[in-house]
Amino acid sequence: MLSYQHAFHAGNHADVIKHLCWIGVINSLKKKDKPFTLFDTHAGAGTYDLNDAMSSKNKEYETGISRIINTGAENDSLPELLKDYLTLCEPFLAKHQYPGSPAISATAKRATDNLHLMELHPAEFDKLEANMGKLHLRKMHVHKRDGYEGLRALTPPKPNRGAILIDPPYERASEYGEVIKGVEQVFKRWQQAQIVVWYPLLSERAGAKHGASELMCDKLAALGKPCFKAEICVEKNTPEAGMYGSGVFVLNPPWQLDSQLESALQNVVLQLGTKSSDSSASTHVSWINEDN
């Protein structure tokens, strides 16, 4: 079933944590001159018009990027990772757009680095192809294919450097298992892959999906790779809360990404929290398997 369209959620708190982490990964890869390859398994539309019918229906960006953009990328007191994120977002927001992970990857990568964007949803793929085509970038490839199948076909890259972003919509309970299987298959061929997995934090209202993210993270940790997770909660985890936050699970993380991300998120959560929430947002970063 291909019904999910990310425009309804563009720029929300989930995008903030996901894109902060992804920029941190890319920044680390850029510290060496050697080219790298980025893979995005669920690319979506690439960029999102915040004035269109879908984005403006729930206006989730108002409790996400809109809360933190006014802190200003030129603010010297901000953590470097947060400044990088705001600097990248500002030109898009000036046009009432939000950059999805494809646009973030395309903007952050160098001319020598490769980018593979995979999207199976027909309507989303058409938007992705159109939006990314406007950039006229070298070494950027847009694929209408299943993201996990694409990883099996395209990894390991040459040179053997790069990272993968996996952020499915988790509309089906089976998608949690698909993430685990996809990561396992990548590591059979590409042990050095840096992998970022986004996941939702769901209350009891989610039914069968309640606790599925936590179980998925446990199984990803059991693969034995160095890994940590970072989470933000924007409201209390009550039985009726629905999606009360989200997280990123990072395998083979680059050096100091955990501390960079934690510093950025501690600043971000001062601005976040839903309108209906009577408590401040919170964040937590914790290592699961430490690098020896």
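When a residue number appears, it is its place in the shown sequence, counting from 1.
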Trainee: If we ignore hydrogens and angles and just use 3.5 Å, is the side chain of Asn12 paired with the main-chain N or O of Tyr61 as donor and acceptor?
Mentor: no
Trainee: Might you point out which heavy atoms bring Leu115 and Pro102 nearest each other, and give the distance in Å?
Mentor: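 Smallest interatomic distance, heavy atoms only, reads CD2-O, 4.1 Å.
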Trainee: Tyr176: what forms a ring pair (Phe, Tyr, Trp, His ring centres under 6.0 Å) with it, not counting sequence neighbours?
Mentor: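 Ring pair (Phe, Tyr, Trp, His ring centres under 6.0 Å) list for Tyr176, sorted by chain: Tyr170.
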Trainee: Compare all side-chain heavy atoms of Gln97 with those of Leu93 and state whether any distance is below 4.5 angstrom.
Mentor: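 With C-beta onward as the side chain, the pair stays apart.
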Trainee: Looking at CD1 of Ile104 and CD1 of Ile26, how far apart are the two atoms once the value is rounded to the nearest 0.5 Å?
Mentor: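 Going from CD1 on Ile104 over to CD1 on Ile26, the span is 7.5 Å.
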Trainee: Restricting to salt bridge (Lys or Arg N to Asp or Glu O under 4.0 Å), what partner residues turn up for Arg145, sequence neighbours left out?
Mentor: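 Testing Arg145 for salt bridge (Lys or Arg N to Asp or Glu O under 4.0 Å), a comparison that skips the adjacent residues, returns Glu149.
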Trainee: Looking at residues at least two apart in the chain, or sitting in another chain, which of them share a ring pair (Phe, Tyr, Trp, His ring centres under 6.0 Å) with Phe92?
Mentor: none
Trainee: Test your reading of the model: is there a side-chain donor-acceptor pair from Gln185 to the backbone of Gly182, 3.5 Å cut-off?
Mentor: no
Trainee: Quick check for you: to the nearest 0.5 Å, what is the distance between Leu201 atom CG and Met243 atom CE?
Mentor: 7.5 Å
Trainee: Going by the rule ring pair (Phe, Tyr, Trp, His ring centres under 6.0 Å), which residues pair with Phe249 if we only count those two or more places apart in sequence or in a different chain?
Mentor: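 Partners of Phe249 under the ring pair (Phe, Tyr, Trp, His ring centres under 6.0 Å) test: none.
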Trainee: Hey, any chance Leu86 and Leu270 share a hydrophobic cluster, counting ILVMFWY side chains that come within less than 4.5 Å of each other, even indirectly?
Mentor: no
Trainee: If two hydrophobic side chains count as joined below 4.5 Å and joins carry through other members, does Leu151 share a cluster with Leu223?
Mentor: yes
Trainee: Would the distance check show the side chain of Ser213 and the main-chain N or O of Pro200 forming a donor-acceptor pair, the cut-off being under 3.5 Å?
Mentor: yes
Trainee: For a 4.5 angstrom cut-off between non-hydrogen side-chain atoms, does Lys18 reach Asp167?
Mentor: yes
Trainee: Walk me through it: do Trp190 and Asn160 pass the test side-chain contact (heavy atoms from CB on, under 4.5 Å)?
Mentor: CA-CA 8 Å; Trp190 188 16; Asn160 192 357; 2.4 Å; yes
Trainee: Would you mind telling me which of His116, His141, His143 makes a ring-ring contact (aromatic ring centres under 6.0 Å, His included) with Phe39?
Mentor: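 With Phe39 as partner, ring-ring contact (aromatic ring centres under 6.0 Å, His included) holds for just one option, His116.
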Trainee: Please report the interatomic distance CD1(Ile23) to CG(Asp84), rounded to the nearest 0.5 Å.
Mentor: 7.0 Å
Trainee: So which atom in Met118 and which in Asp146 form the shortest heavy-atom distance, rounded to 0.1 Å?
Mentor: SD-O, 4.4 Å
Trainee: Could you tell me which non-hydrogen atom of Gly46 sits nearest to which non-hydrogen atom of Met132, and how far apart they are?
Mentor: CA-SD, 4.2 Å
Trainee: Under 6.0 Å between ring centres: does that hold for Tyr148 and His42?
Mentor: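 Aromatic pair counts; centres sit under 6.0 Å.
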Trainee: With rounding to the nearest 0.5 Å, note down the distance linking CG in Leu117 to CG in Asn131.
Mentor: 11.0 Å
Trainee: Quick one: side chain to side chain donor-acceptor pair (under 3.5 Å) pairs with a partner in residues 248-261, sequence neighbours left out?
Mentor: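 Checked against side chain to side chain donor-acceptor pair (under 3.5 Å) - neighbours excluded - the pairs reaching residues 248-261 are Asp258-Trp287.
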Trainee: Report yes if the side chains of Leu38 and Asn114 come closer than 4.5 Å at any heavy-atom pair, otherwise no.
Mentor: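 Contact flag for Leu38/Asn114 side chains = no.
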Trainee: If the condition is side chain to side chain donor-acceptor pair (under 3.5 Å), which residues does Thr37 pass it with, not counting sequence neighbours?
Mentor: none
Trainee: So, Arg161 side chain and Leu29 main chain: donor-acceptor pair closer than 3.5 Å or not?
Mentor: yes
Trainee: CG of Leu165 to OG of Ser105: how many Å apart, nearest 0.5 Å?
Mentor: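 It is 7.0 Å, given to the nearest 0.5 Å.
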Trainee: Less than 4.5 Å apart, side chain to side chain, heavy atoms only: is that true for Val25 and Leu257?
Mentor: yes
Trainee: Parallel, tilted or perpendicular: which describes the rings of Tyr85 and His19, with under 30° parallel and over 60° perpendicular?
Mentor: tilted
Trainee: Determine the minimum heavy-atom distance between Ala221 and Asn289, stating which atoms define it.
Mentor: O-ND2, 2.8 Å
Trainee: His284: which residues meet the ring pair (Phe, Tyr, Trp, His ring centres under 6.0 Å) condition with it, sequence neighbours left out?
Mentor: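 Testing His284 for ring pair (Phe, Tyr, Trp, His ring centres under 6.0 Å), a comparison that skips the adjacent residues, returns none.
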Trainee: Can you tell me if Glu175 uses its side chain to pair, donor with acceptor, with the backbone of Glu171 under 3.5 Å?
Mentor: yes
Trainee: Taking only residues two or more places apart in sequence or in another chain, which ones pass salt bridge (Lys or Arg N to Asp or Glu O under 4.0 Å) with Glu80?
Mentor: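 Applying salt bridge (Lys or Arg N to Asp or Glu O under 4.0 Å) to Glu80 gives Lys83.
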Trainee: Check the pair Tyr98, Asp15 against side-chain contact (heavy atoms from CB on, under 4.5 Å), reporting the backbone distance first and the verdict last.
Mentor: CA-CA 10 Å; Tyr98 182 78; Asp15 272 354; 3.5 Å; yes
Trainee: Please list, chain by chain and in numerical order, all residues satisfying salt bridge (Lys or Arg N to Asp or Glu O under 4.0 Å) with Glu262, sequence neighbours excluded.
Mentor: none
Trainee: Would you check if Leu261 and Leu20 make a side-chain contact, meaning some heavy-atom pair closer than 4.5 Å?
Mentor: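 Yes, side chains in contact.
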Trainee: Suppose we screen for side chain to side chain donor-acceptor pair (under 3.5 Å). Which residues come up paired with Ser246, at least two apart in sequence or across chains?
Mentor: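 Residues passing side chain to side chain donor-acceptor pair (under 3.5 Å) with Ser246: Trp198.
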Trainee: Report the C-alpha separation of Glu119 and Lys127 in whole Å, then their side-chain angles, then the decisive distance to 0.1 Å, and conclude whether the salt bridge (charged side-chain N to carboxylate O under 4.0 Å, His left out) test is met.
Mentor: CA-CA 10 Å; Glu119 178 55 54; Lys127 294 174 185 176; over 6 Å; no
Trainee: Compare every heavy atom of Val197 with every heavy atom of Leu220, then report the nearest pair and how far apart it is.
Mentor: CD1-CG2, 4.3 Å
Trainee: Between the side chains of Asn237 and Ser203, does any donor sit under 3.5 Å from an acceptor?
Mentor: no
Trainee: Going by heavy atoms in the side chains, are Val250 and Cys21 under 4.5 Å from each other?
Mentor: yes
Trainee: Using every non-hydrogen atom in the two residues, find where Ser28 and Pro254 come nearest and quote the distance to one decimal.
Mentor: OG-CB, 3.0 Å
Trainee: Just wondering, do Pro168 and Val179 contact through their side chains at under 4.5 Å, heavy atoms?
Mentor: yes
Trainee: If only atom types and distance count, is the side chain of Arg189 paired as donor or acceptor with the main-chain N or O of Pro156 below 3.5 Å?
Mentor: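 A pair under 3.5 Å: no.
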Trainee: Check salt bridge (Lys or Arg N to Asp or Glu O under 4.0 Å) between Arg110 and all other residues, then give those that pass, not counting sequence neighbours.
Mentor: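 Arg110 satisfies salt bridge (Lys or Arg N to Asp or Glu O under 4.0 Å) with Asp113 once adjacent residues are dropped.
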Trainee: Take atom NZ in Lys30; do more than 12 heavy atoms of anything else shown fall under 6.0 Å from it?
Mentor: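 Result for NZ/Lys30: enclosed.
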Trainee: Indicate yes or no: at least one non-hydrogen side-chain atom of Val248 is less than 4.5 angstrom from one of Trp22.
Mentor: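 SC-SC contact between Val248 and Trp22 ruled out.
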Trainee: Under the side chain to side chain donor-acceptor pair (under 3.5 Å) definition, can you give me all pairs with a residue in residues 214-234, not counting sequence neighbours?
Mentor: Gln191-Lys225, Tyr199-Glu231
Trainee: What distance do Gln194 atom CD and Ile164 atom CD1 have between them, rounded to the nearest 0.5 Å?
Mentor: 10.0 Å
